[in-house]
S.K.: 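Below is the structure I would like to discuss, written out as C-alpha cells.
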Amino acid sequence: MASLSNWIARHGQALISSGGHLARHGFATALTVIVMGLALALPLALDLLVRNARGATGDFSDAVGMSVYLKPQVTEQTARQLAQNLSGHAGVANVTLITATQGLEELRTQSGFGAALDALSDNPLPNVLAIRPAADASSPAQLELLRRAVEAWPEVDSVQLDRDWLLRFDAILDLMRHMLWITATLLAAGVIAVVGNTIRLEIRSRSAEIEVTQLVGGSRAFVRRPFLYTGVLYGLIAGGIAWGIVAAARAALAPSAARLAAAYGQRFLLEGPSACELGWLALAGIVLGWIGAALASAHEIARSGPGRG
Amino acid sequence: MIRFERVSKRYPNGREALSELSFGVEQGEMVFLTGRSGAGKSSVLKLIALLERPTRGLVVVNGENTAKLPLRRVPLFRRHIGIVLQDHQLLMDRPVFDNVALPLIVADTSFKEIDRRVRAALDQVGLLGKERVAPIELSAGEQQRVGIARAIVSKPPLLVADEPTGNLDATLAGEVMGLFRRFNEVGVTVVVATHAQHLVQASGCRQIALGDGRLI
C-alpha cells in the first residue's frame with residue numbers, strides 16, 4: 001500500500017515536472033503542439049466533411065425517384081396493372097402512371113413543338129411509371145437493387161434513375177473515406193516524428209542531468225520517465241488544439257452551409273466535432289506522443305552500463 | 001569489500017591503463033590510491049563503480065563479480081556505492097536539496113524519508129540550512145561538500161572518491177578528508193584516489209601506490 005502510494009507520488013511528480021518544463025519553455029512547446037495539432041485536425045476535418053456530405057445527400061433522398069419506360073406495345077391497361085403491382089413492392093412509396101397520351105400532351109404544351117407533333121401519325125411516346133422510393137429504402141444501393149428488379153420485367157424497356165449523380169457522389173464519398181484512412185496514417189507517423197525529434201533534442205540538452213542520475217543509480221526507466229510524460233502531454237495538448245481548430249472551422253463554415261442548404265429548400269445543420277471526438281483526439285494524441293517519446297528515448301538514452309555511465 | 005585479481009584495462013585507443021593489478025580492501029577499511037596522474041587511479045575507481053569493465057581479470061565489489069552483473073542490474077549495484085568526483089557533477093539548475101536527494105529519489109524513497117535523510121546528510125557536511133540555495137552560489141569547498149552529501153545520503157557501505165580535494169586549498173582539503181575519516185569511523189569502507197601525499201601521510205591510513213597501472 002505504501003509502495004503503491006509511493007509509486008503514484010513518483011509518477012505524479014514526473015508528470016508535474018514535465019508539465020513545468022513545458023510551461024517554462026512555452027514558445028518551443030507552442031510550436032511543437034501547433035504542428036501536432038494541425039496534423040491531428042486534418043483527419044478529423046476530412047471525416048466531418050465526409051459525414052456531413054453523406055448527411056446532406058440523405059436529406060435530399062426524397063427528391064430521388066426513377067422513371068420506368070415501358071415497351072411501346074404495352075397497353076395502357078397493362079401499364080395500369082403494372083403500376084398497381086409496383087405500389088405493393090417493398091421500398092416503393094408510390095407509383096404514378098404517365099400514359100403515352102398524357103406524355104404527348106405535356107410535350108405539346110411545354111416544348112413548343114406542337115405543330116411538329118401534330119404531323120405525327122401516331123404517338124411515339126411509351127407509357128411511363130414514375131416511382132417514388134420509400135424514405136427508408138432510398139440509399140443508392142437500394143435504389144440500384146430496385147432498378148434492376150424492375151428492369152427485368154418483360155414489359156419494361158428501360159429504367160432511368162432520376163439522380164444518377166447520387167450514385168457517383170456516393171462513390172466519391174467512399175473514395176474520400178479511404179483517403180481519410182491513408183491521410184490519418186501518414187499524419188500519425190508525422191506526429192510521432194515531430195514528438196520524437198523534439199524529445200530527442202530535449203534529451204540532448206539535459207544530458208548532464210541524465211549522466212548524474214545514472215551515476216547515482218537511476219535506472220533507465222527512471223531516466224526515461226519524464227520524457228515519456230512530456231510526449232504524452234504534448235499529445236494531450238495537441239489533441240485539444242486539433243479539436244479547437246475543427247470546431248472553429250465549423251463555426252466559420254456554418255452560415256454558408258446553411259445558405260447552400262436553403263437553396264435546395266433544406267434545413268441542414270453542419271455537424272461539428274463532439275465531446276466524444278475530443279476524447280478520441282486526446283487519446284490519439286496521448287498514444288502517438290508516447291510512441292514518439294518512447295522511440296526517441298530508447299534511441300538516445302544509453303543503458304547506464306560500463307563505459308557509458 | 002573490494003578484490004582485484006590480475007586486472008588489466010585497455011581502452012579503445014590502445015592505452016593500457018592497468019596491467020595485472022591485484023589488491024584487496026577489507027570491509028570498514030579506509031585506503032588511499034596514490035600515484036601520479038595517468039598512473040591508473042581513476043581507472044581503478046571506474047572499475048569499482050562499474051563505469052568500466054576490466055579487459056582481463058576479476059573485479060569483485062560488495063560480493064558481486066562485476067563481470068557477471070547484467071546491465072539492467074547496474075543501477076541497483078551503484079546505489080550501494082557513494083561516488084564523489086573531482087568535478088562534483090552537481091545539477092546547477094537545481095537547489096542543493098534536490099541535488100542531494102537524487103540518489104534517494106531514484107531509489108523510490110518516500111518523501112518523508114527523503115526530507116529527513118537529506119537534512120541529516122547536509123548536517124554531516126556542515127551545510128544544514130542551505131537546502132534552498134543554488135549550487136552556483138556556493139564556494140568551491142561547499143560545492144564539493146554537497147557532492148559528498150549526495151554520495152552518503154543513501155548510506156552506502158562503500159564510498160569512492162576521485163581527487164575530492166583537487167580543487168580545494170589546504171584548509172578545505174583537510175576538512176574534506178576529515179569528513180571521510182568520520183564516515184569511515186561509523187563503518188563505511190572508503191577508497192580515496194589522490195595525489196596529495198601530505199594528506200595521506202597525515203591520515204595514517206594504508207595506501208595503494210600505483211605507477212603505470214601496477215603496484216609500486
Side-chain angles (χ1 to χ4, degrees), chain A residues 1-26 28 201-230 297-309, chain B residues 9 11-12 43 46-55 59 66-67 69-85 87-94 98-114 135 147 149-154 156 160 162:
Chain A
M1 199 54 203
S3 71
L4 178 68
S5 67
N6 224 11
W7 185 89
I8 293 169
R10 286 287 162 243
H11 281 257
Q13 194 188 33
L15 183 61
I16 290 166
S17 102
S18 296
H21 188 83
L22 292 187
R24 279 194 302 280
H25 301 83
L201 292 174
E202 219 171 292
I203 290 172
R204 295 248 163 128
S205 74
R206 289 167 73 179
S207 62
E209 181 184 338
I210 291 170
E211 201 176 310
V212 173
T213 305
Q214 293 188 329
L215 185 72
V216 300
S219 64
R220 196 160 178 248
F222 179 88
V223 173
R224 285 177 73 180
R225 198 182 293 158
F227 297 108
L228 294 179
Y229 273 115
T230 303
S297 59
H299 185 256
E300 287 292 318
I301 299 172
R303 290 183 182 280
S304 59
R308 279 176 284 177
Chain B
K9 178 64 192 176
Y11 287 100
S43 293
K46 280 180 182 162
L47 290 173
I48 292 172
L50 246 181
L51 295 170
E52 299 283 355
R53 283 193 210 262
T55 313
V59 176
T66 60
L69 201 67
L71 274 182
R72 66 191 157 75
R73 285 189 50 207
V74 169
L76 201 61
F77 171 85
R78 288 218 187 113
R79 287 177 205 167
H80 296 114
I81 304 175
I83 303 169
V84 180
L85 299 173
D87 57 334
H88 37 69
Q89 301 247 32
L90 297 181
L91 302 175
M92 290 302 175
D93 59 342
R94 309 281 179 84
D98 292 19
N99 270 282
V100 176
L102 197 56
L104 300 176
I105 291 171
V106 302
D108 267 355
T109 316
S110 74
F111 287 116
K112 232 168 84 184
E113 185 74 359
I114 288 176
R150 187 181 65 193
I152 57 143
V153 74
S154 55
V160 299
D162 193 4

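Not measured: the values here are computed from a predicted model. In the text below, chain A, chain B and the rest are named by the order of the sequence lines, each starting its count at 1.
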S.K.: Report the distance from atom CD1 of Ile105(B) to atom OG1 of Thr213(A), rounding to the nearest 0.5 Å.
M.R.: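 The distance works out to 9.0 Å.
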S.K.: To the closest 0.5 Å, what do you measure between CZ (Arg220(A)) and CZ (Arg72(B))?
M.R.: 13.5 Å
S.K.: Could you tell me which residues satisfy salt bridge (Lys or Arg N to Asp or Glu O under 4.0 Å) with Arg206(A), sequence neighbours excluded, listed by chain and number?
M.R.: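 Only Glu202(A), Glu209(A) meet the salt bridge (Lys or Arg N to Asp or Glu O under 4.0 Å) criterion with Arg206(A).
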S.K.: Which is it for Phe222(A) and Asp108(B) under the side-chain contact (heavy atoms from CB on, under 4.5 Å) test, yes or no, and what are the steps along the way?
M.R.: CA-CA 10 Å; Phe222(A) 179 88; Asp108(B) 267 355; 5.5 Å; no
S.K.: Which residue is it: Arg73(B), Arg79(B), Arg78(B)? I am looking for the one with a side-chain contact (heavy atoms from CB on, under 4.5 Å) to Ser219(A).
M.R.: Arg79(B)
S.K.: Could you walk me through whether Leu90(B) and Val212(A) pass the side-chain contact (heavy atoms from CB on, under 4.5 Å) test, one step at a time?
M.R.: CA-CA 8 Å; Leu90(B) 297 181; Val212(A) 173; over 6 Å; no
S.K.: If I measure from the heavy atoms of chain A, does Leu47(B) come under 4.5 Å with its side chain, its backbone, both, or neither?
M.R.: neither
S.K.: To check you understand the geometry: which heavy-atom pair defines the closest contact between Val216(A) and Val106(B), and what is its length?
M.R.: O-CG2, 3.8 Å
S.K.: Does atom NE2 of His11(A) have more than 12 heavy-atom neighbours from other groups under 6.0 Å away?
M.R.: yes
